[in-house]
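By convention in this document, chain letters (A, B, ...) are assigned in the order of the sequence lines, proteins followed by strands, and residues within each chain are numbered from 1. All values reported here derive from a predicted model rather than from experimental measurement.
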Amino acid sequence: MKGYKKQEEKQLEVLRHSTSHILAQAVKRIFPQAKLGVGPAIKDGFYYDFDIDGELLAKNLSRIKREMEKIIQEDIPFQKEELSKGEAKRLFEERQESYKLELLKDIEDDQVSVYRGGEFVDLCRGPHVESSGKVKHFALLSTAGAYWRGKEENPMLTRIYGTSFFTKEALDSYLKWMEEAKKRDHRRLGKELEIFGIYPDLGSGLAVYHPKGAIIREVIENFEKKEHMKRGYELVRTPHISRADLWKISGHLDFYKENMYVFSVNGEDYVLKPMNCPAHIVIYKSKQRSYRDLPLRLFELGTVYRREESGVLHGLLRLRGFTQDDAHIFCMPSQVVDEVRGVLQFSLFMMNTFKLGYKINLSTRPEKSIGSDILWEMSTAALREALIRENLDFDVAAGEGAFYGPKIDIQMEDALSRLWQGPTIQVDFNLPERFDLTYIASGGEKERVVMIHRVVLGTIDRFLGVLIEHLEGKFPLWLAPLQIKLLPITDKELSYAKGVYEKLIKEDIRAELDSRGEMLSYKIREAQLQKVPYMLVIGKKEKETDTVTIRRLNGENIKGVSLRELIRMLKEEISIRN
RNA sequence: GCCGGCGUAGCUCAAAGGAAGAGCAGCUGAUUCGUAAUCAGCAGGUUGUAGGUUCAAUUCCUAUCGCCGGCUCCA
């Protein structure tokens, strides 16, 4: 079954790659001056990069699409040709495809392949579908600027994104899915549901939480604090600014400066913290530590600020100021495996609590890194062992570790199928060195402590953004900012409804009474749009029988519920966090 | 930061070189109506900001700020 699926994915990739060639052919027909970049198949489609005025391409997308349809009509076969590198070089020189020549330079084989389709030739490993006529159901989606080979110092090309499927149904359902994803956009829902806002007057990349959002955060943060304390973490608090000297020792002023807000007061330099570790280290260093104190787990909901490039900001998912659920575990080398296992269990507990999927990566030593081989090997082995002992599937991301140590990344998948950094666990032998962090071992000698950096939700802000998209704004009862809305049908039930409301409030249920003189259906519509998990319909019948009618978001009704039963139900649902 | 697009009322959007418009939200009043929009009235804008072209600019030009799509998937 798995093999079959892979096979189908491969075929789709071939189709999409072929579609990208047809796109390139169409663009060359219309704009012969355009130079070809690259045009691979990607996760949900394909793209092709062109060196041409971006405006020109963007304005002619429908014309390009029509030309593509023509090429498909012509049913031009894709013909593979094997050439020597020299021959290929001559071919692309003749065609003045300078980018292709650059690619050619980097190919080590002497033999390369090109695909020809009528007048169009492209350097390509293939494979392709037999002919352009096999491509039927495609769409051009957007244009974008993209640096040649993704590097800022290179010229910017214009990229056209598109997708292609074997059937019309598949294409339609993909386009529908894109629409659906747009509806879940946390920025849109955040505004509609009055959860958060990002306002130019305040600064870009800086979020404010409106009352509803502040409640959600409060619930998540309290939950997190309790879960940390259960697991032997100690809560700390550290200031937002600190002396620059601290960041000099940590190395951040050398390695991370362009992302930091640094300022000077009376000739003394200060840093707005981009991370919490140095401050936690100061706490560790405040007294002599014994092996008996270890592991020491310091936890803080630490708000940090990083100067991100303006173009990468994206709602709550990418901010300049955000709060991490950050902890640093100071331990002996022999404790690393167990500590990492503990963090893994904790992280997955969190993912399960919020019903999110995840993928685990073990990131190993990058090219640019510091520290001895032995330390790298030991810590990578420790992470690996922890993963294996926890019986977890993981991929190895070679060379993706931090410059000071290997890490485990757990990625959460959101509604748009984007993977976002969630929990991370990093072993660090650099900072203990730089700050000379030691403990007194059982034999009385000073030993170097090991530090583990870890976050379990990552950043609360981003996590909330992902959660909004994941849930489509329909928060489960325990998280819902407004848990229940009381809807009296007429004024005659108002005082009865008020009594119910007051009892709910007394039980710490987040309730609101809609006492306006509107029709029931209007009140229901509004509560639906606000995605309030429970509504109480209170009319003549309810008043007479001293009950309420519950209406759930999905339209389901439960009639004749006593107040006591209602409170029991709500409390039960809140406590199991369902 | 870079490429492209977009900035009109709180929100969603229309118009357009010659008096800026609608729906929803808001406010006032009426309605008391049992499961996703009751009716009427009122108010709401230096068209992001600053320059320029023009008899005339919200529309055209320049700059600036902000937002959106992308810039890792390397034949």
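- Between A:Y99 and B:A75, a side-chain N or O to OP1/OP2 separation shorter than 4.0 Å is absent.
- Between A:Y522 and A:T158, the residue anchored nearer the 5' end of RNA chain B, judged by the nucleotide with its closest heavy atom, is A:T158.
- Residue-level contact check: A:V114 touches neither bases nor backbone, having no heavy atom under 4.0 Å from any strand.
- The aromatic rings of A:H252 and A:Y256 sit perpendicular, their planes meeting at an angle over 60°, well past the 30° parallel limit.
- Set against B:A75, B:G69, B:G34, the side chain of A:S142 has B:G69 as its closest nucleotide.
- A donor-acceptor pair under 3.5 Å is absent between the side-chain atoms of A:S164 and the main chain of A:T19, judged by distance alone.
- Contacts of A:L141 with the nucleic acid, taken as non-hydrogen atoms under 4.0 Å apart, are absent.
- With B:C2, B:C33, B:A36 as the choices, the nucleotide that has an atom nearest any side-chain atom of A:M519 turns out to be B:C33.
- A:S204 comes within 4.0 angstrom of the backbone, heavy atoms only, and of no base.
- Looking at the side chain of A:K191, the nearest of the listed nucleotides B:C68, B:U35, B:C11 is B:C11.
- At whole-Å resolution of the value, CG in A:D185 and P in B:G69 are 7 Å apart.
- Between the CD atom of A:E526 and the P atom of B:A36 there is a distance of 14 Å, given to the nearest Å.
- Distance A:L61 CG to B:G69 C1': 12 Å, rounded to the nearest Å.
- Within 4.0 Å (heavy atoms only), A:E542 reaches at least one base atom of the nucleic acid.
- Within the nucleic acid shown, A:G150 comes within 4.0 Å of sugar-phosphate atoms alone, with no base atom in reach, counting heavy atoms only.
- Looking at A:E258, its side chain has no donor and acceptor atom pair within 3.5 Å of the base of B:G1.
- Within 4.0 Å of A:K492, counting heavy atoms only, lie sugar-phosphate atoms of the nucleic acid but no base atom.
- Taking the centre and axis of the six-membered ring of A:F165, the NZ or CZ atom of A:R16 falls inside the cone set by 45° and 6.0 Å.
- Spacing between atom CD of A:E153 and atom P of B:C3 amounts to 15 Å, rounded to whole angstrom units.
- Ring geometry for A:Y48 against A:H21 counts as perpendicular: the plane angle is over 60°, on a 0 to 90° scale with 30° as the lower cut.
- Among B:C2, B:A37, B:G69, the nucleotide with an atom closest to any side-chain atom of A:R525 is B:A37.
- Rounded to whole Å, atom P of B:G34 lies 15 Å from atom CZ of A:R551.
- Spacing between atom CH2 of A:W148 and atom C1' of B:G70 amounts to 18 Å, rounded to whole angstrom units.
- When distances are taken from the side chain of A:T143 to each of B:G4, B:G1, B:U35, the shortest belongs to B:G4.
- Side-chain nitrogen and oxygen atoms of A:Y48 include none within less than 4.0 Å of the OP1 or OP2 phosphate oxygen of B:C73.
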(request) Evaluate side-chain hydrogen bond (donor to acceptor under 3.5 Å, both in side chains) for A:Y534 paired with A:R552, printing each intermediate quantity in order. (result) CA-CA 5 Å; A:Y534 283 100; A:R552 288 213 173 91; 3.2 Å; yes
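- Within 4.0 Å (heavy atoms only), A:K151 reaches no atom of the nucleic acid at all.
- Note on A:A144: a base of the nucleic acid sits closer than 4.0 angstrom, heavy atoms only.
- Here B:U35 is the nucleotide among B:A75, B:U35, B:C71 with the atom lying nearest to any side-chain atom of A:L520.
- If you check B:A75, B:U38, B:A36 against the side chain of A:V38, the one that comes closest is B:A75.
- Put simply, NZ on A:K485 is 18 Å from C1' on B:G34, counting in whole angstrom units.
- Checked by distance alone, A:Y147 brings a side-chain donor or acceptor within 3.5 Å of a matching partner on the base of B:G1.
- For B:A50 and B:A43, the P atoms lie 28 Å apart once the distance is rounded to whole Å.
- Here A:E192 lies out of heavy-atom contact (under 4.0 Å) with every strand.
- As a whole-Å value, the separation of A:R516 CZ from B:G29 P is 15 Å.
- Side-chain N/O atoms of A:H17 include none lying less than 4.0 angstrom from OP1 or OP2 on B:A75.
- Under 3.5 Å, the side chains of A:E119 and A:Q25 contain a donor-acceptor pair of N or O atoms.
- Taking atom P on both B:A22 and B:U35, the two are 33 Å apart, rounded to the nearest angstrom.
- One C1' atom belongs to B:C73, the other to B:C60, and the distance between them is 42 Å to the nearest Å.
- Using Watson-Crick or G-U wobble geometry with both donor-acceptor distances under 3.5 Å, B:C67 finds its partner in B:G5.
- The side chain of A:R187 places an N or O atom within less than 4.0 Å of a non-bridging phosphate oxygen (OP1 or OP2) of B:G69.
- The residue among A:E152 and A:L529 whose nearest nucleotide of RNA chain B is located toward the 5' end is A:E152.
- Backbone-only contact: A:R159 has heavy atoms under 4.0 Å from sugar-phosphate atoms and none from a base.
- The pairing partner recorded for B:U59 is none, the criterion being a Watson-Crick or G-U wobble arrangement whose two distances lie under 3.5 angstrom.
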(request) Would you sort out whether A:R159 and A:D49 count as a salt bridge (Lys or Arg N to Asp or Glu O under 4.0 Å), showing the intermediate values? (result) CA-CA 4 Å; A:R159 175 170 299 178; A:D49 287 344; 2.7 Å; yes
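- Between A:Y115 and A:H17, the gap from one ring centroid to the other reaches at least 6.0 Å.
- Residue contacts shown for A:D106 are absent, as no nucleic acid heavy atom lies under 4.0 Å away.
- Look at the P atom in both B:U8 and B:C68: the space between them is 14 Å, to the nearest Å.
- Close to B:G1, at under 4.0 Å from its OP1 or OP2, lies a side-chain N or O of A:S310.
- Of the candidate nucleotides B:G34, B:G70, B:A37, B:G34 has the atom lying nearest to any side-chain atom of A:I489.
- Of the candidates B:G34, B:G1, B:G4, the closest approach to any side-chain atom of A:E309 belongs to B:G1.
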(message) Working note: A:F120 + A:L36, criterion side chain to side chain contact (heavy atoms under 4.5 Å, CB included); need CA distance, chi angles, decisive distance, verdict.
(response) CA-CA 11 Å; A:F120 181 78; A:L36 301 174; 3.8 Å; yes
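- Nearest to the side chain of A:R125, among B:A75, B:C73, B:A37, sits B:A75.
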